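The structure under discussion appears below in the form of structure tokens.
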Amino acid sequence: MTPAPVIIAVDGRSGAGKTTLAVELAARLREHHKVSLFHLEDIYPGWNGLAAGIERYVTTVLTPLSQGTAAEWVSWDWEKHYDGTQFVTLPAEIVIVEGVGAAAAAARPMLDAVVWVDAPGEERRRRALARDGSSYEPYWDRWAAQEQEWLDADPVQGSADIRVLNHADGKAPGDVLQALNYLPALASVLVPELSARRGLQLRSEKLDAVPDAAALFETLYGASDNAVWLDSSNAATVHGAVAAGAVPDAGRVHSPAAERSRFSILADDAGTFGQSVLHSSGATRLTAGCATVETSGPFFRWLDSVWGRRAVRAPRGYEGQFTLGWLGYLGYELKRETGGSDVRSETPDAALLFAGRAVVIDHRERAVWLLALDAPDADDWFRLAAEAVRAAAAPPRGEAAPRLSETTPAEATAAVGSPAFPLEFSSRDTATGYKGKIADAQHEIDEGNTYEVCLTTTLEAADPGLDPWQSYLAMRRRNPAPFASYLRFGGLAVASTSPERFLRIASDGGMRAEPIKGTRRRADDAVADAALREDLATSLKDRAENIMIVDLLRNDLSHFAVPGSVTVSRLCAIESYATVHQMVSTIDAHLRPGAPRAEAVAAAFPAGSMTGAPKISTMDILDRLESGPRGVYSGAIGYFSLNAATDLAVVIRTLVMAADGDGRRTLSLGVGGAITADSSMEDEYEEIRTKAFGVLSALGAEFPAG
């Protein structure tokens with residue numbers, strides 16, 4: 001008797017392409033393993049024998065194989081219509097069983113993975129008849145009726161670990177093998193495949209070009225279902241002297257704002273290595289090409305399994321920290337894994353895509369880096385991407401329209417389109433209601449349950465027909481920011497103009513958090529604007545808010561930092577953006593060698609500037625005060641790179657456009673502020689109006705009255 005094998009069932013209706021998929025999957029697995037393959041069509045007793053065939057398969061084939069012994073079974077002679085030759089299927093390290101009923105209820109307790117293969121009905125019939133010809137055609141309807149009867153009583157699809165929409169284009173075996181790597185039950189046997197997944201080669205090409213980033217994104221990724229643009233939209237302001245060809249002021253270019261605004265990243269999940277993942281309430285659904293795998297468990301545990309180890313080296317001369325990897329957002333409700341309570345959100349708690357190729361714009365050096373993992377499709381992508389970069393960098397001909405990133409504010413707002421109805425937001429809380437919650441927060445402070453509460457509310461609107469892409473272009477022009485971003489995951493779009501870094505962990509372990517606490521609006525008059533900036537700089541209340549969050553973040557970083565490495569390099573500095581002045585501090589530390597990076601992110605999540613302090617008890621207070629989930633708002637947007645680096649922004653100044661349960665789309669904008677014992681209700685309410693202004697004004701909307 002040999003050790004019990006790992007058994008993978010490939011099931012699905014006739015004509016879905018199971019046989020070809022199983023044969024090719026077995027061939028790929030044989031590169032590192034001994035593999036046995038069994039086809040159920042060899043054992044069905046005739047055209048009316050689906051149920052009997054499943055019983056024979058479970059009894060004479062699957063049961064002995066699952067115990068590590070040889071399976072002796074009798075084949076069916078399809079020409080003579082009775083039992084034929086006796087065969088033996090030997091156990092192996094991996095056994096693949098393929099056919100209708102391979103994952104039937106009686107079989108599932110003995111299976112380690114279930115792959116369900118699907119294809120449109122007419123396409124399945126065409127494929128099956130093309131394979132088996134006239135011998136199958138008279139029996140197609142009879143067999144299909146048996147399949148339906150079986151599935152009505154035994155819905156195998158719902159028990160599948162991996163679901164495949166098989167387009168018969170040759171990609172399914174590779175996609176399924178990639179998906180199998182994410183099943184915990186197979187992790188021990190697929191060690192060689194996992195090692196190969198980490199043994200990646202990074203290719204690069206540097207172009208001396210200054211493309212219009214918006215035009216470039218639209219050319220490369222405008223038609224992509226899933227795409228991410230991490231957009232340093234204020235780069236022209238910060239690096240303006242460089243972009244104009246003048247001699248830059250060294251202090252200005254190397255300022256904190258310049259450091260945050262140097263790179264923009266554009267990517268989607270296409271290509272050989274492309275994947276996407278959505279996580280909601282403990283369930284993770286990963287899609288690799290045509291295959292989708294579902295697993296359960298905490299998100300940060302899953303993140304630790306796919307990120308945090310150095311898998312590639314940065315190209316020579318490349319100073320960016322992103323060397324391909326995962327990009328997207330983490331929603332606020334992931335706090336359930338970091339000490340907060342479990343609140344369900346209508347949007348996914350996390351949405352990421354894996355970019356096996358990407359475009360990185362270095363605004364300071366006026367260059368573009370094309371990055372791609374070595375793969376059969378890499379050469380074609382480099383050629384297409386380089387052409388797109390050159391086209392986006394070409395000067396407009398004659399009196400052509402201005403480049404997308406150079407439109408005037410009025411033009412940008414008009415670009416949102418003409419919706420069928422006016423865009424009118426309503427607030428989750430009325431002015432009176434929000435002020436009442438401020439009073440409740442101050443009561444909690446008086447009782448000693450917290451000393452700072454970051455109270456938020458949500459503005460919502462039914463979508464009158466806005467174009468998400470044009471809406472983002474209007475927002476980035478109205479309120480450019482170092483951590484602006486545009487994310488698209490199917491029907492979900494996130495348009496952010498965030499100025500705030502949540503957490504950066506560099507490849508060498510350097511850690512940095514830059515919380516914002518303290519906001520004043522900008523004024524058109526220079527004297528008035530300077531007065532507002534000075535008022536923020538000298539505000540004892542705002543300094544107290546900021547320092548409280550600095551202390552909280554010092555504690556968050558210390559959990560995984562080298563002892564003594566946590567420092568505050570900037571305290572309560574003032575930074576000015578298009579619509580607001582902000583008070584910003586910088587906390588630095590160094591990650592302990594060997595520390596789990598995903599856990600280090602989790603230890604600081606969600607950002608203390610969005611909760612208050614102490615964090616865990618204050619999150620409980622917020623759950624009681626706020627009337628619903630925050631969703632994407634208050635979470636983080638950024639990347640998890642293959643060189644173990646991450647850079648994440650706090651999700652503020654962000655419009656979320658998501659489909660509701662009825663198939664319509666809703667718009668939401670979260671806003672909030674820090675409540676302390678000496679907060680003024682009127683001032684706090686005015687602050688959330690100020691924070692909403694940059695997004696609302698870009699959309700031609702106003703803060704809701706009342």
Side-chain angles (χ1 to χ4, degrees), residues 174 177-179 181-182 190-206 226-230 262-277 284 286-289 299-330 350-362 368-378 381-382 385 503-511 591 593-601 636-648:
L177 183 57
Q178 192 162 227
N181 287 321
Y182 290 99
L190 295 183
V191 168
E193 284 76 15
L194 288 167
S195 297
R197 191 178 75 181
R198 292 169 183 149
L200 304 171
Q201 296 296 317
L202 179 61
R203 296 174 54 185
S204 66
E205 181 178 345
K206 183 182 179 182
N226 303 321
V228 170
W229 178 14
L230 302 183
R262 179 173 174 180
F263 296 99
S264 292
I265 302 168
L266 301 78
D268 69 358
D269 60 348
T272 298
F273 294 95
Q275 302 163 58
S276 63
V277 65
T284 301
L286 181 139
T287 299
F299 172 80
F300 285 107
R301 183 183 301 166
W302 176 89
L303 182 63
D304 184 60
S305 72
V306 301
W307 172 74
R309 302 164 187 84
R310 292 182 181 87
V312 299
R313 292 183 178 180
R316 181 174 298 179
Y318 175 69
E319 297 184 16
Q321 284 286 307
F322 178 71
T323 56
L324 302 178
W326 299 93
L327 307 100
Y329 77 79
L330 315 182
L352 300 172
L353 63 81
F354 183 88
R357 53 204 196 185
V359 178
V360 180
I361 302 175
D362 185 338
V368 174
W369 286 84
L370 307 181
L371 307 177
L373 296 176
D374 193 22
D377 55 0
W381 181 81
F382 273 111
L503 177 66
R504 184 191 71 182
I505 304 177
S507 181
D508 65 2
M511 305 171 74
L591 190 70
R597 297 194 173 211
E599 289 188 32
V601 174
I637 289 175
Y639 65 73
F640 301 93
S641 175
L642 287 174
N643 63 352
T646 183
D647 203 355
L648 301 167

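All figures in this text were calculated on a predicted structure; none of them were measured in a lab.
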For a 4.5 angstrom cut-off between non-hydrogen side-chain atoms, does [X] reach [Y]?
X      : Y      : answer
Leu353 : Leu327 : yes
Tyr639 : Asp647 : yes
Val306 : Phe354 : no
Ile637 : Leu230 : yes
Phe273 : Leu324 : no
Phe640 : Leu330 : yes
Thr272 : Leu373 : no
Trp369 : Pro315 : yes

How long is the span from the [atom1] atom in [X] to the [atom2] atom in [Y], to the nearest 0.5 Å?
X      : Y      : atom1 : atom2 : value
Leu303 : Glu599 : CG    : CD    : 10.5 Å
Gln321 : Ile265 : CD    : CD1   : 10.0 Å
Glu319 : Arg262 : CD    : CZ    : 4.0 Å
Asp269 : Ser276 : CG    : OG    : 5.0 Å

- [ ] Could you check Lys206, Glu205, Arg357 and say which one makes a side-chain contact (heavy atoms from CB on, under 4.5 Å) with Leu370?
- [x] Glu205

Task: Sole candidate of Trp307, Tyr329, Phe299 that passes side-chain contact (heavy atoms from CB on, under 4.5 Å) when paired with Leu352 - done: Phe299

Task: Closest approach of Ser204 to Leu371 (non-hydrogen atoms, all atoms of both residues) - done: CB-CD2, 3.8 Å

TODO: Taking all heavy atoms of Trp302 and all of Ser305, pick out the closest pair and write down the distance.
DONE: O-OG, 2.5 Å

- [ ] Start with the C-alpha distance between Leu642 and Leu202, add both sets of side-chain angles, then the distance that settles side-chain contact (heavy atoms from CB on, under 4.5 Å), and finish with yes or no.
- [x] CA-CA 10 Å; Leu642 287 174; Leu202 179 61; over 6 Å; no

Do side-chain atoms of [X] reach the backbone of [Y] as a donor and acceptor pair under 3.5 angstrom?
X      : Y      : result
Arg597 : Ala644 : yes
Thr646 : Ile505 : no
Thr323 : Asn643 : yes

TODO: Go through the steps for Tyr182 and Val277 under the test side-chain contact (heavy atoms from CB on, under 4.5 Å), then give the verdict.
DONE: CA-CA 11 Å; Tyr182 290 99; Val277 65; over 6 Å; no

Task: Trace of the side-chain contact (heavy atoms from CB on, under 4.5 Å) decision for Ile361 with Phe263 - done: CA-CA 5 Å; Ile361 302 175; Phe263 296 99; over 6 Å; no

Open item on the list: Please determine whether the number of non-hydrogen atoms from other residues, nucleotides or ligands lying under 6.0 Å from atom CZ of Arg203 exceeds 12.
Closed with: yes

Task: side-chain contact (heavy atoms from CB on, under 4.5 Å) between Arg310 and Ser507, worked out - done: CA-CA 8 Å; Arg310 292 182 181 87; Ser507 181; 3.4 Å; yes

